[in-house]
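Reading through the structure tokens given below for one structure.
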Amino acid sequence: MASLRQHLIAKKYKRIVLSPVGTGHLKFNATINGVDGEFILDTGASNTCIGFEDLERFKLFAEDSEVKAAGAGAIDMLTQIAQNNLIEIGNWSTKEISIVLFDLSHVNQALLNHDAKPVSGIIGADVLNAGKAVIDYQYNCLYLK
């Protein structure tokens, strides 16, 4: 019987190694619009998010959004949205992702409180859906197709 890894690789999935952090999240490197950053994987986040302070760093063209962000104890946060961004995670990529910009300070403060380094943002369910994601928690790996 083939392992999960063998099965997914045979199905042309790309394997990305994840690193656990003290908050229980999994962290990994990704490239957005050609710029590298560290991100946490958040299956509960509907969208991929980056902090307002990294707007120019990741070459994002943002517009005001009617959507209010909520999560991790914060609600009704103002957001902006940047559409049609190139996201590369390992050997996998997509050009179709809209990125939500909002104040990520509460996320990074939670990471700092658990002796983890701050991140550039959150990779959410939009990317996971686009890549038909499979998460292997036993071996801390993400597979994207």
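For this chain, numbers begin at 1 and follow the sequence in order. Bear in mind that the values here come from a model prediction, so they are computed numbers and not experimental data.
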Using side-chain heavy atoms (C-beta onward) and a distance below 4.5 Å, is [X] in contact with [Y]?
X	Y	result
V100	C49	yes
V119	F39	no
L18	L41	yes
L104	F102	yes
K59	V35	yes
I40	V107	yes
L112	H114	no
L144	I16	yes

Interatomic distance, [X] atom [atom1] to [Y] atom [atom2] [nearest 0.5 angstrom]:
X	Y	atom1	atom2	answer
K12	Y143	NZ	OH	15.0 Å
E63	T79	CD	OG1	11.5 Å
I50	N33	CD1	CG	8.0 Å
K145	W92	NZ	CH2	13.5 Å
L128	I135	CG	CD1	5.5 Å
S19	N29	OG	CG	8.0 Å

For [X] against [Y], the heavy-atom pair lying closest together:
X	Y	answer
G124	T48	N-OG1, 3.2 Å
Y13	V134	CE2-CG2, 4.2 Å
A130	I97	CB-CD1, 4.3 Å
A110	T23	O-CG2, 3.8 Å
A82	L60	CB-CB, 3.9 Å
N84	S98	N-OG, 4.3 Å

Membership question, hydrophobic clusters at under 4.5 Å side-chain separation (ILVMFWY): are [Y] and [X] in the same one?
X	Y	result
I123	L86	no
L26	V127	yes
F28	Y137	yes

Step by step, work out the side chain to side chain contact (heavy atoms under 4.5 Å, CB included) result for I87 and S93. CA-CA 5 Å; I87 297 183; S93 67; over 6 Å; no
Start with the C-alpha gap between L101 and L55, add the side-chain angles, then the distance that decides, and say whether side chain to side chain contact (heavy atoms under 4.5 Å, CB included) holds. CA-CA 8 Å; L101 290 111; L55 172 75; 3.8 Å; yes
Take E96 and Q83 through the side chain to side chain contact (heavy atoms under 4.5 Å, CB included) test and state the conclusion after the steps. CA-CA 8 Å; E96 304 299 319; Q83 299 180 357; over 6 Å; no
I would like to know whether R15 and V17 meet side chain to side chain contact (heavy atoms under 4.5 Å, CB included); could you show each step before the answer? CA-CA 7 Å; R15 180 175 179 263; V17 176; 3.8 Å; yes
Which of these passes side-chain hydrogen bond (donor to acceptor under 3.5 Å, both in side chains) with S120: E53, E38, R57?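 Of all the options given, the one that passes is R57.
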Will you find, in the side chains of D36 and T31, an N or O donor that is under 3.5 Å from an N or O acceptor?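 Yes, side-chain donor-acceptor contact under 3.5 Å.
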